[in-house]
Amino acid sequence: MLDIKFIRQNLDLVQEKIRARGMDIDLAAFRELDARRRDILQEVESLRNERNTVSRLIGERKKKGEGVDDLMARMAGVGDRIKALDEELAACEEELRSIVMNIPNVPHDSVVFGRGPEDNPVIREWGERPSFAFPPQPHWEIGERLGILDFARAAKITGARFTLYRGLGAMLERALINFMCDLHIFEHGYTEVLPPFMVNRQSMTGTGQLPKFEEDLFRVAGVDYFLIPTAEVPVTNIHREEILEEKDLPIKYVAYTPCFRAEAGSYGKDTRGLIRQHQFNKVELVKFTTPDTSYEELELLTSDAEDVLKKLGIPFRTVSLCTGDLGFSAAKTYDIEAWMPGQGAYREISSCSNFEDFQARRAQIRFRPAGGGKPILVHTLNGSGLAVGRTVAAVLENYQQSDGSVIIPQVLRKYMGGIDRIAPVG
RNA sequence: GGAGAGAUGGCUGAGUGGUCGAAAGCGAUCGCCUGCUAAGCGAUUGUACGCCCUAAAAAGGUGUACCGCGGGUUCAAAUCCCGCUCUCUCCGCCA
């Protein structure tokens, strides 16, 4: 969420930035509620002041054995008035809060204006797209033919948008998870964490999934817990309501977790293959930084994620999301898109964002400056490093051979007992 | 699942209705002392939201709230009552 004071002082700017995102929120209601809140606050606080003063006086008089009837009479009804005003204030603040919680982050100045994905500028491209002497197959066909991806049985076990990995397919997924984690831990200096896969409502609110996006989440029956849609949620909330030390920043975490998404409203999109699943594995990078280093750290984080594709030898391009495509909480986002020859398209495989203090304010994550002084909100960043299922898809499509087999990229072989190829059975 | 104990500031820990935002200690910061370090002495040391001051901010002044969370009783609640959450101990069950 944005700073209420910032909204109050920059009402027009905020209004304009919301429009650039293609949203329309009327801030007139904000202005009105904000003013009313301060009026009520002043009234109730002066009443409280009176009550505190008189109560103290009653205490003193009683100690001396003097009468207090006149003071008691004066206080009659004051309590009720305070209570009534408190209720009014609470209602007012609740309304104000729901407006502010639904205001998206302000895009960074470097983010270009645009309506949707087609307006995202390409920042860089890497790798040479492989050429094939045969029509390259999409990964779902490769996977089913090799007997390593079984969508039909997953549908029987659970339903649509689930996958059963089998044999070397399961091993490939697991190898990728280990390869990615090791790379980020040993070469990029991240600390590994393994968080809970369910979180409470407060955590979901802290990172911005709630209150606005509840329909995208799986909720656990019986308790108010949610399955995590990304490790960003539990990992960012590690430091919720904490004051960190500046010397400890930046803090860099890497976490492998499964992710669970309801994918409401995506019917008919990406119905085949590993691209859009209700459950998928992801290795996530999360950083906590000072405000003046967060954009450098975003570049580094993005390059850490790109490094995975470079080491796997998979061509990709990196785009910067335009205002119309930017997520609710992000100030700036780079999407890394892997080349998928079987689909003849680049597909998102990682999304790296700087949230500035938007999540930190909701989650109250601060740091104490090195020289002392008041705590300052940290900047939070995260990015996929990478989405594992989509990486399996990219490996299958980029490394497919004319005989129907798939070569295992060199860097993964030590994670697969030396196996260098997935060959068709028989 | 059953029984019991607990939750107070950066940390330890006192406080069972009235000048308690909260003793004491530790830690931290500043100053003094000291050849250096240590020790010693003195001072300062929570967060949020209003208002005043300010061009604005910081600083300062002032008010209010916060002693796990939410309600209640009372002129007055860290303190009494109710509900909830979490932690610990014991018992049961269990991967």
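Below, read A as the first sequence line, B as the second, and so on, with proteins coming before strands; counting in each chain starts at 1.
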Main-chain N/O of A/R368 paired with A/K374 side-chain donor or acceptor, under 3.5 Å
no

For atom P, what is the distance between B/G27 and B/G72, given to the nearest Å?
43 Å

As its Watson-Crick or G-U partner within any shown strand, both distances under 3.5 Å, B/U62 has B/G50

Using purine N1 to pyrimidine N3 plus N6-O4 or O6-N4 for Watson-Crick, or N1-O2 and O6-N3 for G-U wobble, each under 3.5 Å, what pairs with B/C94?
none

Start at the 5' end of RNA chain B and walk down; is the nucleotide closest to A/L41 or to A/E60 reached first?
A/E60

Using residues 55-71 of chain A as the side-chain source, report each donor-acceptor pair under 3.5 Å to any protein atom, sequence neighbours left out, with the distance given to one decimal.
from: A/S55; atom 1: OG; to: A/R51; atom 2: O; distance (Å): 2.9
from: A/R61; atom 1: NH1; to: A/G67; atom 2: O; distance (Å): 3.0
from: A/R61; atom 1: NH1; to: A/D70; atom 2: OD1; distance (Å): 3.3

Going by the angle between their ring planes, with limits at 30° and 60°, are A/F358 and A/F328 parallel, tilted or perpendicular?
perpendicular

Which value, in whole Å, describes the distance between the C1' atoms of nucleotides B/U89 and B/A95?
23 Å

If you check every side-chain atom of A/K374, which of B/C49, B/A76, B/A48 has the closest atom?
B/A48

Just compare B/U47, B/U64, B/A76 and give me whichever is closest to any side-chain atom of A/R368.
B/U47

Looking at A/R390, A/R347, A/R161, which hits salt bridge (Lys or Arg N to Asp or Glu O under 4.0 Å) with A/D270?
A/R347

Taking the P atom of each, how far is B/G21 from B/C67, in whole Å?
12 Å

Do A/E45 side-chain and B/G63 base share a donor-acceptor contact under 3.5 Å?
yes

Given atom CD of A/E43 and atom P of B/C51, what is their separation to the nearest angstrom?
15 Å

Within the structure, does a side-chain N or O atom of A/R37 lie under 4.0 Å from either OP1 or OP2 of B/G50?
yes

Could you check which nucleotide pairs with B/A43 in any of the strands shown, counting Watson-Crick or G-U wobble with both distances under 3.5 Å?
B/U29

Below the 4.0 Å mark, does B/U64 have OP1 or OP2 next to a side-chain nitrogen or oxygen of A/N52?
yes

For A/R361 and B/U47, what is the distance between atoms CZ and P respectively, to the nearest whole Å?
17 Å

Parallel, tilted or perpendicular: which fits the ring planes of A/H184 and A/H188, with parallel below 30° and perpendicular above 60°?
tilted

Strand partner of B/A3, provided both Watson-Crick or wobble distances fall under 3.5 Å:
B/U89

Could you check which nucleotide pairs with B/G68 in any of the strands shown, counting Watson-Crick or G-U wobble with both distances under 3.5 Å?
B/C84

I'd like to know if A/K63 reaches the base of B/G18 with its side chain, counting only an N/O donor and acceptor under 3.5 Å.
no

Distance between the P atoms of B/A23 and B/G9, in whole angstroms?
13 Å

